[in-house]
Protein chains: 2
Amino acid sequence: MGLPVPPRRVTIIDVARHAQVSTTAVSKVLRNAYGASPEMRAKVRRSIDELGYRPHAGARGLRGQTYTIGVMLPDIRNPFFPEILDGITASLEDTEYQVFLGPGCNGEQAEARVTEAMIDRGMDGIILVAPVSSRAHLERVAASVPTVVVGRQGASPAYDTVADEDYEGAALVVGHLARLGHRRIAHIEHHETDPTRLAEMPNARRADGYRQAMRAHGLAEWIDVVSATYTQEGGYQGAKELLARPRRSTAVFAGADIVAMGVLEAFTEAGLSVPGDISVAGYDNTTFAALGQISLTSVDQAGHEMGGNAVRLLLERITDRRRPSVQVTLSPTLVPRRTTGRPGE
Amino acid sequence: MGLPVPPRRVTIIDVARHAQVSTTAVSKVLRNAYGASPEMRAKVRRSIDELGYRPHAGARGLRGQTYTIGVMLPDIRNPFFPEILDGITASLEDTEYQVFLGPGCNGEQAEARVTEAMIDRGMDGIILVAPVSSRAHLERVAASVPTVVVGRQGASPAYDTVADEDYEGAALVVGHLARLGHRRIAHIEHHETDPTRLAEMPNARRADGYRQAMRAHGLAEWIDVVSATYTQEGGYQGAKELLARPRRSTAVFAGADIVAMGVLEAFTEAGLSVPGDISVAGYDNTTFAALGQISLTSVDQAGHEMGGNAVRLLLERITDRRRPSVQVTLSPTLVPRRTTGRPGE
DNA sequence: TTGAAAGCGCTAACAG
DNA sequence: CTGTTAGCGCTTTCAA
């Protein structure tokens, strides 16, 4: 059963016939374009409603726009990204644009596939969140469609960027811990080898920010960085490594909340109390950092604002593709919770 | 600068010219369609590679398919959904189809907007995960595009379904707790009023499954259901309510992991130890249930398999739109962790 | 202000 | 097996 014959879609021709005008007129009304009298607009609008007409985006795209914005998120599991997405959808809610997300990407190859798929579908603009692709690829993408890169530093004339100042975020954590009386503050970073990305990716900047802040607080001699990956397992292993040190740290700054989760697990396993024996801080202020059971001190990146700014820049660029590129940098804030306290309490 | 003039896209005509064949020939090669000699195929493929040609999905969609599958997830924050998504993308990886996600939807209106947007973009098929829309709307959608509904019971001739047997999941939890020696097992449900959805939505079925299982274990007199919402706050409030009861339960079955998180928070606040004083179980086996710090007993829905099945059914239906609808039901499994133990220990 | 007509890139139907 | 032709639904000249 199930209506084997899907009823033919209502097209612009049906609307034109119903309203007794030309398709051109209907098109003008759809796009709020110049050259249609108020009476005609009203008449056309009525027909559109009566017939339940909705324009076919693919067909529109062949000549004009598809009114579609693509968003690429690296990992849908990371609870930080929904914040950005909320900011994006909220800003786009009252426009005609529709957002679609690429599926979780990990690695340059997956990113290439998704970005190409977006371009092939005629999307009017794309927002890339924390992409790992080479700058060359990003610029190639930006050459064929308006693009905004979010959560990654590195200005380019080809695309706009919106990012959090990770140096500052790292400094907030180190400052907070130092103020509590910690000196031996260790850091677990996500290892980065690619030379281009080294300066642009948040993980690298957090590690640098940590080093810089330690020096600024006169704690240079206690700088201790463990290389791992931004995963729970990475945090677990990194914490193990720290525990094996002859002089144990009194605080650990994990480069991401998910890393902090692994750290907490390792400490619990080792019978250490947090923050009694050792303090732990994360980064991203993810949903589970806020869970009462965990209550992790973290850094909030204002994801919502990031998303909102990204949309603003993107719409501007869709309007004027040759305007000079813009870089927006937002300041993170510290969210102290129960995993950090005075040392040796 | 940023290349103010985006280079014209390579079209099928360019490829045809380069390979010295007709556009029809190129089209056939693209679609692996019948009627092209191996030599011609090779020649065309070479030209495609040399020119870096990629077909324009919108244009294809005007006559044939767009090779695009839309997936609607209700809430990107719920860590259960990525599992389904992984199953979907994994099954689609080696096909020409590309997945795009609708942005997080809450409520019927948002769902309507997203499903319509997908149809307007000529998507070849759509997968709706735990939609809250009325059955009528779902059938309207399914009438214009092949559709699979995931995570919601309720067979329809218009679409296929893939769901977990929530009765069974609830029974697993009750059985587990009963076997540990619990009798006073309470349940926190997500309140459902809509009569149509009542029988189809997972939350309602979990509550029913709980009641049924309690009876089956001879614990009918201890049935105790608190109505809340599937949120952390809902769990917190629900737990408060349970604590105010004259006879306290020794175990709580929360309808979802996120609810269990709120429950745990309330119990911690009340100075109760888990599972010493009271056991807690959730549902969905989300990422944070597995976190060492939380270690929540939960029910695993085999999201990956759900996604894989959804894709299989969808591709089948894209091939043959009039084949009778299919319902796939998967069995959940219990994942016992540290939040459940013997009562009164 | 209005509409006729061309064409976006591709596929399907058909003829050779 | 191969190519010609006619659209798909819309926007965009451009002439009236």
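Keep in mind the model is a prediction, meaning the values are calculated, not measured. A note on names: the letters A, B, ... follow the listed sequences, proteins ahead of strands, and every chain is numbered from 1. For the numbers below, each heavy atom of this structure counts, side chains included, while hydrogens, waters and symmetry mates do not.
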What is the separation between atom [atom1] on [X] and atom [atom2] on [N], rounded to the nearest whole Å?
X: Ile12(B); N: dG3(D); atom1: CD1; atom2: P; result: 13 Å
X: Gln20(A); N: dA4(C); atom1: CD; atom2: C1'; result: 18 Å
X: Lys28(A); N: dT12(D); atom1: NZ; atom2: P; result: 11 Å
X: Arg60(A); N: dG9(C); atom1: CZ; atom2: C1'; result: 18 Å
X: Arg121(B); N: dC10(D); atom1: CZ; atom2: P; result: 13 Å
X: Asn32(A); N: dT11(D); atom1: CG; atom2: P; result: 12 Å
X: Asp120(B); N: dC8(D); atom1: CG; atom2: P; result: 18 Å
X: Asp14(A); N: dC10(D); atom1: CG; atom2: P; result: 9 Å

Tell me whether the OP1 or OP2 atom of [N] has a side-chain N or O from [X] closer than 4.0 Å.
X: Thr11(B); N: dG9(C); answer: no
X: Ser22(A); N: dG3(C); answer: yes
X: Tyr53(B); N: dG9(C); answer: no
X: Arg9(A); N: dC8(D); answer: no
X: Ser37(B); N: dT2(D); answer: yes
X: Arg63(A); N: dA6(C); answer: no

Inset, instruction - State, with a plain yes or no, whether a side-chain heavy atom of Leu128(B) is found less than 4.5 Å away from one of Val148(B). - result: no
Legend entry - 5' precedence on DNA chain D between Pro38(B) and Gln65(A) (nearest-nucleotide basis): Pro38(B)
Inset, instruction - Would you classify Arg31(A) as touching base, sugar-phosphate or nothing, given that sugar-phosphate means primed atoms plus P, OP1 and OP2, and contacts are heavy atoms under 4.0 Å? - result: base
Inset, instruction - Give one of base, sugar-phosphate or nothing for Ala33(B), where a contact means two heavy atoms less than 4.0 Å apart. - result: nothing
Legend entry - Donor/acceptor link under 3.5 angstrom from Thr24(B) side chain onto base of dT4(D): yes
Inset, instruction - Anything under 30° is parallel, anything over 60° is perpendicular, the rest tilted; go ahead and classify Phe100(B) against Phe100(A). - result: perpendicular
Is it true that the side chains of [X] and [Y] contain a donor and an acceptor less than 3.5 Å apart?
X: Gln327(B); Y: Thr329(B); result: no
X: Arg41(A); Y: Ser37(A); result: no
X: Arg113(B); Y: Gln98(A); result: yes
X: Glu111(B); Y: Ser133(B); result: yes

Quick one: which of [options] gets closest to the side chain of [X]?
X: Thr23(B); options: dT11(C), dG9(C), dT11(D); value: dT11(C)
X: Ser27(B); options: dT2(D), dT11(D), dT11(C); value: dT11(C)
X: Ala25(B); options: dC10(C), dG3(D), dT1(C); value: dG3(D)
X: Leu62(B); options: dT11(D), dG9(C), dG3(C); value: dG9(C)

